Protein chains: 2
Amino acid sequence: MTHEAKEKFNKLREEGYRITSQREQLLEFFYNLPDGEHLSAEEMHKKLTEKGIKISLATLYRSLKFLVINGFIRELDFGEDHKHYELKGPDNKQHQHLICNSCGLTVEFEDKNLYDYAIKIAKRNNSFEIRDYQFKIFGLCEKCRGLT
Amino acid sequence: MTHEAKEKFNKLREEGYRITSQREQLLEFFYNLPDGEHLSAEEMHKKLTEKGIKISLATLYRSLKFLVINGFIRELDFGEDHKHYELKGPDNKQHQHLICNSCGLTVEFEDKNLYDYAIKIAKRNNSFEIRDYQFKIFGLCEKCRGLT
DNA sequence: TTTCGTGCAAACCATTTGCAGCAGC
DNA sequence: GCTGCTGCAAATGGTTTGCACGAAA
């Protein structure tokens, strides 16, 4: 967990939220995840349990929502029946995804111009306040292209 | 329904798919929708029924999938508990969305450079074959910004 | 006539919720 | 001690599926 994240937690505590061990350990878990790994809630629950971290599925869902709303992580939808979650990077170097509709493969890419672009669009629309921006390219990966 | 869409249907028929009245009427329904309207399956089912178009919810879901896979419409996820569907525009003038996390308001925007950008990214990644690209900006709209 | 698609109702399954007990602060 | 958070189990609700019948081709 970064210094910045700790400060954010303190601020939330002052606002009346409680920093429980579940919330702390969950965020810590995200920081220890390999870069670009985006798990579903169920997968996460399994890994957390394996690590000895005790948290119920219900609390996990509630904590994920808590972390999303407060800008620690982001929620991704790849067109599957479940959501994925990953640590949120700095706004201007947030990575994005290519998603294969056939095998589900996801590949990350990063582009620093995308954030400036998002800001421009947001300004044009009554100064919309950006919380996250997602660019997704759906299609067929190299492997699946040959099969269809 | 456009000429192009009809040709696409004929091609599918030759491939062994059946062009049922449900599939035809559903696509026609999309063409008659106001520009930028993206309904959920349930909303759509209600509207179709009101129009006197008989289609069960199950078939609607199956037909939507059929139309998505074959590139007639696109499936959108705004972080709610259901998907939205809308007619797919030409690749290079596909509109994108700003989504308010608080009230659910969505605003469309269009940018012709975005497609070129998607192509560039796709080329860099083993010539990934693009089926759809979605740029979404999540955040707070003008109205909700004041409330939080 | 041969499949493929549809309608119905039941099943699925990720996510949410009510409630009683527990833990931050 | 007060109040928000957690765990459990049950509920929810959008979406999917099995099966028998109906309709494209």
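The structure presented is a predicted model; accordingly, all values stated were derived computationally and were not measured. Proteins come first, then strands; the chains are lettered A, B, ... in the order of their sequence lines, and each starts at number 1.
- Atom pair Phe9(A):CZ and dC25(C):C1' shows a separation of 16 Å (rounding to whole Å applied).
- At the phosphate of dG7(D), OP1 or OP2 sits under 4.0 Å from a side-chain N or O atom of Thr59(A).
- Between Arg23(B) and dG5(C) there is a side-chain N or O to OP1 or OP2 distance below 4.0 Å.
- Between Lys65(A) and dT16(C) there is a side-chain N or O to OP1 or OP2 distance below 4.0 Å.
- By the neighbour-count criterion of 12 heavy atoms within 6.0 Å, atom CG of Asn32(B) is densely surrounded, having more than that number from other residues, nucleotides or ligands.
- Here the nucleotide nearest the side chain of Ile19(B), chosen from dT6(C), dA25(D), dC8(C), is dA25(D).
- The listed nucleotides are dC25(C), dT17(C), dT15(C); the one nearest the side chain of His82(A) is dT15(C).
- Rounded to whole angstrom, the span from the CZ atom of Arg18(A) across to the P atom of dC2(D) amounts to 12 Å.
- Taking only distance into account, the side chain of Arg62(A) never meets the base of dG4(D) through a donor-acceptor pair shorter than 3.5 Å.
- Atom P of nucleotide dG24(C) and atom CD of Glu15(A) are separated by 20 Å, given to the nearest angstrom.
- In this structure, Glu15(B) places its CD atom where more than 12 heavy-atom neighbours from other residues, nucleotides or ligands lie under 6.0 Å away.
- Atoms CG (Leu64(B)) and P (dT17(D)) sit 15 Å apart, rounded to a whole Å.
- Closest-nucleotide positions on DNA chain C for Thr20(A) and Leu57(B) were compared, and the one nearer the 5' end corresponds to Leu57(B).
- Under the 30°/60° scheme for interplanar angles, the aromatic rings of Phe135(B) and Phe109(B) are found to stand perpendicular.
- Following rounding to the nearest Å, Glu43(B) (CD) and dG14(D) (P) show an atom-to-atom distance of 10 Å.
- Heavy-atom distances to DNA chain D give each of Arg13(B) and Lys83(B) a nearest nucleotide, and the one nearer the 5′ end belongs to Lys83(B).
- Between Leu27(A) atom CG and dC5(D) atom C1' there is a gap of 17 Å when expressed in whole angstrom units.
- For dG7(D), one of the phosphate oxygens OP1 or OP2 lies less than 4.0 angstrom from a side-chain nitrogen or oxygen of Gln22(A).
- Going from atom OH of Tyr17(A) over to atom C1' of dC2(D) covers 18 Å, rounded to whole Å.
- The shortest distance between the side-chain N/O atoms of Tyr61(B) and the OP1/OP2 oxygens of dT15(D) is below 4.0 Å.
- The number of heavy atoms from other shown groups lying within 6.0 Å of OH (Tyr17(B)) does not exceed 12.
- Rounded to whole Å, the distance from NZ on Lys54(A) to C1' on dT6(D) is 12 Å.
- The one candidate from Val107(A), Leu76(A), Ile137(A) that meets the side chain to side chain contact (heavy atoms under 4.5 Å, CB included) condition with His97(A) is Leu76(A).
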